[in-house]
Structure formats: structure tokens, C-alpha cells
Amino acid sequence: MKIYLNGDLVEEKDAKVSVFDHGLLYGDGVFEGTRIYNGRVVFLDEHINRLFESAKVIDLDVGMTKEEIKAATIETCKANGLKDGYIRHLVTRGVGTLGLNPYLCEKASVIIIAADIQLYPADLYETGMKIVTAGTIRNLPEALNPRVKSLNYLNNIMAKIEAINAGVMECLMLNAQGTIAEASGDNVFALKGNKLMTPPPWCGGLEGITRDKVMKLAADMGLEVSETVMTRYEIWTADEVFLTGTAAEVIPVIELDKRTIGAGKPGPITKKLIEAYRQFVNNNGTPVQ
Ligand code: PMP
């Protein structure tokens, strides 16, 4: 596998970063996860825009233009003959000293990995997923805004550990006020009648690119879509609940904390949205060839 590393395509075994890179020392950097379907990179502009916004918020100079990163992305996919998979963009603060000072890091490291994707088991889309509420609350937006997709994912990993130890694959993360932020690596939606709701980003979630697309698809279907401050009340009383994410796409949730949601099986609207989303991603995007 060829990895893009600071302007070069190198073999995986040669794709190495310094132990003095602040991405490693402090989680000081940003990242993106993008997919390629049928030889087309889907939502490339959206992911690169978010990468640059995350970088801006942490005052990180990417050192490349958006166009250059997009071209490097396509080049990396091409070099690996990748038609379906997952692309990881990493921009770290770069090599510095052992001290915190980011301004002593000379230049950002830019890494692009185009590889296989790890998906949820296919049957979960038919049967629905069970989740739990994590005790770990989502990072405070006033401290480190979850809208920044930073390399410091410990908050999410702490929650993921709870999910795995509870025997499930995902969890609901609340914010310090006790309202719903998101899942550890996905956004959350609840449907009640004709109303589809998801928490606003200021409640402490990533503004997911899948989330944005699903909101548009749902509106096109005639649903009343809103960003709503949600507690678990909205989950317990929902007809349907699902998660969204680049890797997950749209995945139904049928149980929270061992309590059944709705009819306890994936609902008709969730199924329609799964299909509509798949239809879109399989037929759009930036061609690699
Ligand atoms: N929330 C978190 C914490 C995430 O890491 C992700 C991405 N895996 C999402 C939500 C979903 O965002 P997107 O749809 O842009 O992949």
C-alpha cells in the first residue's frame, strides 16, 4: 500500500513520522474520514472543507491548498488502485520539541491513507443495533469543541470502551447538561411521526457530513426535519432511531440501555433513508480516473 506523506507517495513500511511530531506527543492535529465508492470519492469537498475548518480553529497551517489536498487524495487512491474503501486524511502540527509550544513545530505533516474500510456487520442494518448511554460525557464545546475533528479522540475512545464492555458497538454520549450530543463516532437521529430530529452541533457533536445529507434526503421525502435539543426522553418516545456516519452510513438503533425503542426493529423511514443514502453515495462523487 502506498501512503501519501508530505508530498511523496511512499510504501507503507516507509511511511513513518518522528516521535517528536506533536500529533503523537499531544494529539495536536486534525483528521478526516472519507469514502470512495465505485471509484468515486464521495463528499470530497465537504470533507476537505471540514479538515481546513478544524485546522483553522486550532490555528494549524495545513501548508497546502484545498485543491492540492484534493489532487493528492485522488493521486493516492489511484496509486493504490482503490475503487471502494476509506480515506484517512491526517494533518499533524509536525515535528517540534518536547514542550507544548506548537509554534516551535516547523511545518505540518500531511498524511493520506487510502485503505479498506471496517464496516458494521451487514446484518445489523437488517436487525438494528443495540446501544448504551456512556457515563463519559462529551467534551465541553467551550473547552475543546467536538466540531473540531481533532487527533485527540480520547473522549470518544473512553465512551467506546464503555460500549464494548457493555457488549455493544456504539453508545449515546450526553453533554454536561445531560442532553444528547451524539454517539462516540456517529450522529444521532430520532423520528416521531413525521418529525425527524437531531441535536444541533452546539449541543456538543461533530457536524457530520452524513448527517447533513440525511437531513436533506429526509426533507425531500417530506419529513419535517429539525435540529432539536434532545434528552433520552426523545429516544424513549421515538418511533425510530438511527445513527449516521461516513463508515456507518445510516444504521438503525432498536435498543438503548436494554430498553426497546419503537417497535424494536428497524422502521420504514429508517429503511427508506438507508436506501436513499446508498443510492446517492453509489452514484455521486469525484472520479479517481
Ligand atoms: N461524530 C463523531 C464523533 C465522528 O467521529 C463522526 C465521524 N466518524 C461522526 C459523528 C459522523 O460524521 P460524518 O458523517 O462526517 O462521518
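Just the heavy atoms: all of them, side chains too, but no hydrogens, waters or symmetry mates, feed the values below. This is a predicted model, so every value here is computed, not measured. Note that ligands are numbered from 1 as they come in the structure, with each ligand's atoms numbered from 1 the same way.
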Peer 1: Using only atom types and a distance under 3.5 Å, with no angle test, would you say the side chain of Asn175 pairs donor to acceptor with the backbone of Gly178?
Peer 2: yes

Peer 1: For Tyr37, does the six-membered ring have the charged nitrogen or CZ of Arg278 within the cation-pi criterion, i.e. under 6.0 angstrom from the centroid and within 45° of the normal?
Peer 2: no

Peer 1: Pick one: which of Glu32, His89, Glu207 meets side-chain hydrogen bond (donor to acceptor under 3.5 Å, both in side chains) with Arg50?
Peer 2: Glu32

Peer 1: Thr231 side chain to Tyr233 main-chain N or O, any donor-acceptor pair under 3.5 Å?
Peer 2: yes

Peer 1: Do the side chain of Glu68 and the main chain of Thr65 share a donor and acceptor less than 3.5 angstrom apart?
Peer 2: yes

Peer 1: Does the Lys NZ or Arg CZ of Lys213 fall within the cation-pi geometry relative to Phe43 - under 6.0 Å from the ring centre and within 45° of the axis?
Peer 2: no

Peer 1: Taking only heavy atoms of the protein into account, state which residues are under 4.0 angstrom from an atom of ligand 1, in chain and number order.
Peer 2: Arg50, Arg138, Lys149, Tyr153, Asn156, Glu182, Ser184, Gly185, Asp186, Asn187, Leu206, Gly208, Ile209, Thr210, Thr244, Gly245, Thr246

